[in-house]
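So that the names make sense, note that chain A is the first sequence line, chain B the second, and so on, each numbered from 1. These values consider heavy atoms only, across backbone and side chains, with no hydrogens, waters or symmetry-generated copies.
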Amino acid sequence: MQQQYPFKEIEQNAQAFWEQNQTFAASEKSEKPKYYCLSMFPYPSGRLHMGHVRNYTIGDVLSRFHHMKGFNVMQPMGWDAFGLPAENAAIKNNTAPAKWTYENIEHMKTQLKQLGLAVDWNREIATCKPEYYKWEQWLFTELFKKGLIYKKTSTVNWDPVDGTVLANEQVIDGRGWRSGALVEKRDIPQYFMKITAYAEELLNDLDKLDGWPEQVKTMQRNWIGKSFGCEVEFPIVGQSGSLKVYTTRPDTLMGATYVAVAAEHALATQAAQNNAALTDFIAECKRGSVAEADVATAEKKGMATGLLVTHPLNGEQLPVWVANYVLASYGEGAVMAVPAHDERDFEFANKYGLKIKPAIIPENWKEAKIEPDLISARSSEYKDKTKEINHKISPVLTNKDTNQTISWDFWSEKLAQHGLCYNSGKYNGLDFESASNEIASDLSTKNLGKKRTQYRLRDWGISRQRYWGCPIPIVHCANCGEVPVPADQLPVILPENVVMDGVGSPIKKDPNFYETTCPTCGGKATRETDTLDTFFESSWYFARYASFDADKMCDERANYWLPVDQYVGGIEHAILHLLYARFFNKLMRDVGLIKNDEPFTNLLTQGMVLKDGSKMSKSKGNTVDPQALIDNYGADTARLFTMFAAPPEQSLEWADSGVQGAHRFLRRLWQAVYDHVQLGEIAAYQANDPQTLSAELKVLRLQLHSTIEKVADDYGRRHSFNTAISSVMEMMNALAKVEGTDETTRQVRQEVLQNVALLLSPIVPHICQALWAALQPNSSILDAGWPAVDEAAMVQNSVEYMIQVNGKLRGSMTVSKSETNETLEKMVLNDPCVQKFIVENSTVRKIILVPNKLINVVVG
RNA sequence: GCCCGGGUGGCGGAAUUGGUAGACGCACGGGACUCAAAAUCCCGCGCUGGCAACAGCGUGCCGGUUCGAUUCCGGCCCCGGGCACCA
């Protein structure tokens with residue numbers, strides 16, 4: 001008889017049970033090894049999206065699996081509650097950001113609870129609450145006193161119409177998203193954290209993170225970007241002083257034909273003083289967003305300053321250009337340009353008719369005769385994504401002796417490893433390393449340069465000119481300067497009952513907020529009205545969960561739980577959030593709060609949930625609301641489907657089809673258990689039971705215990721939840737084919753069903769709890785633990801060999817495991833599927849035997 | 001532009017250390033049950049040829065290494081993520 005699968009009732013009962021029994025409340029008082037499982041906390045945007053479901057299900061599976069394996073598990077949850085969307089929603093809905101945020105938290109908390117997460121809700125935090133941000137304000141003041149936070153000017157996107165600073169996201173095609181005005185770059189004073197002081201440690205400690213994906217470590221290494229190069233000074237012609245550049249390719253110095261500076265560079269400003277055209281050009285460069293992607297993809301433009309500098313080695317006079325492709329924030333904000341050996345320089349030189357001078361040739365060309373001016377441009381056609389034909393210009397060098405040409409593609413990639421100096425005077429014939437050393441040493445002698453290690457990493461600007469964020473705890477006093485707010489006067493509370501009018505931050509206009517007295521002299525003073533970057537809050541929350549109610553930033557409990565054993569979150573956080581969190585961990589260590597060097601031992605970076613080929617996001621309007629899924633099919637179906645659809649690290653292209661399949665499987669499972677228990681209670685077959693099993697039941701038990709082993713490996717080591725599920729599905733398909741109702745069959749069936757409930761319970765905990773209760777009326781699945789593998793059930797004495805001829809599959813044979821290689825080779829040669837390929841004039845050249853797998857007969 | 005990933009049937013994906021390509025599921029087709037539909041159950045399902053046995057082709061494209069390549073190497077194409085103020 002067909003049974004209903006009453007998922008609503010099952011899920012409500014299970015969730016109520018967990019809540020009443022405080023099943024997932026974590027305690028530091030435990031004999032078991034601790035396991036801190038953390039999923040990146042959500043921004044309370046309003047409703048759960050599929051990315052959340054995926055993220056929190058992965059974390060929950062790992063938490064529940066470790067719980068079953070006997071760990072003392074802590075899985076907390078909270079809210080990354082400050083941020084830009086609250087301000088936009090507040091303006092749109094005529095409400096206060098705080099009210100909007102708190103309502104969203106309430107709603108999303110209900111939704112998360114419906115997912116049945118094994119979360120300790122007692123530890124819930126919201127970063128917008130004073131009891132949370134008080135402690136980061138305290139840390140700010142400590143770091144300020146230590147000089148790790150300082151003030152300097154930096155560039156922001158300025159909307160001249162709205163008169164506000166814009167986030168990069170708010171600049172669309174160089175214009176403000178509300179006003180449509182052309183955005184300008186503007187320099188304003190801001191607070192910075194000296195993350196560069198930790199660059200070396202942040203780089204080196206990546207080597208300790210064996211539990212992190214290689215991909216993420218590579219991205220962080222490249223982001224920190226340690227390079228070994230040289231600073232080179234070009235004396236300015238006709239005035240004192242010199243122009244300093246940084247280069248990672250000192251070996252190409254003899255090929256430098258001009259020098260380029262960023263529009264923001266002091267020399268550009270100086271040259272523009274009596275040059276209207278240059279002033280205009282610099283102004284033009286300062287239009288558009290500050291985002292590096294925009295700067296780097298902009299059309300290369302430049303203008304000569306009229307200034308000349310002297311090449312430090314050959315004495316040539318080189319022109320100084322202002323170029324929009326030079327980044328003001330990297331190195332010296334100025335570069336030596338070697339058009340022959342740098343693609344961007346080449347493009348620029350071509351456009352403005354500047355000299356191109358090769359200084360490196362391929363190693364195997366060193367005897368060739370090449371004139372310096374033999375470099376020429378070759379235009380090639382290539383297909384753009386829009387399918388229109390485009391032209392690409394690449395430099396080509398011709399070897400007169402052989403008429404051989406070489407294109408830029410070779411030069412750019414391989415030059416440093418396989419090139420030798422050419423046309424470079426005394427450095428001719430030297431390779432990258434010796435040329436760099438010689439040149440650095442000669443520059444040093446002339447006092448015009450030296451070797452230098454450079455990081456790409458910049459200090460972290462943390463000031464935001466926005467309202468909905470943590471107030472920066474600084475008081476500005478005319479007498480005492482910048483005064484950090486003393487600990488006993490913290491927190492500086494952000495007023496929550498405000499009106500957002502869309503023009504500027506309410507606290508910047510609120511004397512009740514900014515008027516204060518100086519903590520040092522007691523005189524009239526004003527508060528800082530900028531707030532902190534929201535990455536500040538998310539950089540230390542992992543420590544707060546561990547000591548969520550401590551009367552300090554974190555207490556000894558943090559040292560019990562930290563480091564986080566498993567961190568789970570989106571790959572889009574691979575650099576910024578994860579780097580800042582690692583940085584904060586080290587800061588907190590250095591102020592004596594915690595002991596560990598790194599916050600996250602193991603990291604699982606979940607792929608994005610995509611819809612129609614791009615990231616699901618509110619701004620793109622392609623989100624799928626999981627609520628309908630939960631309402632119509634239940635949380636277990638939503639969890640099962642999400643875990644089954646793709647491996648966690650891959651991006652998941654969302655499609656609704658398949659949800660039915662997941663639900664159908666749960667219904668079949670429910671039915672199978674119902675049919676079984678209908679026949680009365682029975683004890684599971686035990687490993688040491690004396691009955692002789694039929695061949696069919698032996699095979700079933702073999703599959704069961706192989707499945708237990710595989711699923712444990714898939715959960716614990718591989719994080720391959722989709723294959724774990726598919727192997728349990730195979731198990732259930734096999735069970736369905738076994739029909740007997742005799743006692744032994746029923747014992748084995750009980751064994752299979754009990755174990756299936758255990759294996760699936762991390763993924764679909766509600767139904768498994770109910771199934772267990774049906775199978776074992778007086779016990780709870782929560783006490784059962786992870787099942788043991790019966791090794792004896794997995795012993796096999798025959799094995800199937802695949803038979804190949806010349807690497808192509810031609811057949812197979814099942815043989816006893818004890819056969820010798822000689823016998824196997826004889827058998828395979830006599831097999832008809834091999835025989836027919838051994839025709840006249842052909843001989844068996846060799847036989848390759850892969851034990852227990854495959855035999856390949858090579859015939860020729 | 002720079003850095004990091006990915007590309008396998010109609011679709012999501014599997015193949016864990018170079019050794020059976022397409023597990024499992026979806027969709028689809030056929031059948032059973034039903035007055036009928038839904039649900040459920042059974043069978044089929046990479047492409048081409050063939051009644052079939054079987055044969056050939058096939059993991060984005062081009063080339064290489066190997067007895068054997070989705071897997072390793074070289075070159076390309078396309079798609080996604082990040083680029084410091086979205087979180």
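Taking the ring centre of Phe348(A) as origin, the terminal cationic atom of Lys300(A) falls outside the region bounded by 6.0 Å and 45° from the ring axis.
Residue Thr534(A) has a polar side-chain atom (N or O) positioned under 4.0 Å from OP1 or OP2 of A87(B). Under 4.0 angstrom from either OP1 or OP2 of G19(B) there lies no side-chain N or O belonging to Lys853(A).
A salt bridge links Asp533(A) with Arg464(A); the closest basic N to acidic carboxylate O contact falls under 4.0 Å. Using a cut-off of 4.0 Å between Lys/Arg side-chain N and Asp/Glu carboxylate O, Glu347(A) and Arg344(A) are scored as not salt-bridged.
Closest to the side chain of Leu576(A), out of G80(B), C83(B), G13(B), is C83(B). Distances from the side chain of Arg464(A) to the nucleotides C85(B), A23(B), G80(B) place C85(B) closest. Checking C24(B), C86(B), C85(B) against the side-chain heavy atoms of Leu84(A) singles out C86(B) as nearest. The side chain of Leu854(A) has G19(B) as its nearest neighbour among C86(B), C67(B), G19(B).
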Whether each nucleotide of nucleotides 40-60 of chain B has a protein heavy atom under 4.0 Å at its base (B), only at its sugar-phosphate (S) or at neither (-) is summarised, 5' to 3', as SS------------SSSS---
Contact letters for nucleotides 1-6 of chain B, in which S counts primed atoms plus P, OP1 and OP2 and B counts the base, heavy atoms under 4.0 Å
B-SSS-
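Among the duplex regions that RNA chain B forms, those built from at least three successive Watson-Crick or G-U pairs under 3.5 Å are B:1-7 with B:77-83, B:10-12 with B:24-26, B:28-32 with B:40-44, B:46-49 with B:54-57, B:60-64 with B:72-76, ordered by first number.
Among the heavy atoms of the strands lying under 4.0 Å from Pro647(A) are primed sugar atoms or P, OP1, OP2 only; no base atom is included.
With hydrogens and angles ignored, the 3.5 Å screen pairs a side-chain donor or acceptor of Asp714(A) with a backbone N or O of Ala724(A).
Note on ring orientation: taking the six-membered ring where Trp is involved, the planes of Tyr198(A) and Phe583(A) are perpendicular (angle over 60°, cut-offs 30° and 60°).
A residue-by-residue look at Ala662(A) and Leu166(A) shows that Ala662(A) has its nearest nucleotide of RNA chain B further toward the 5' end.
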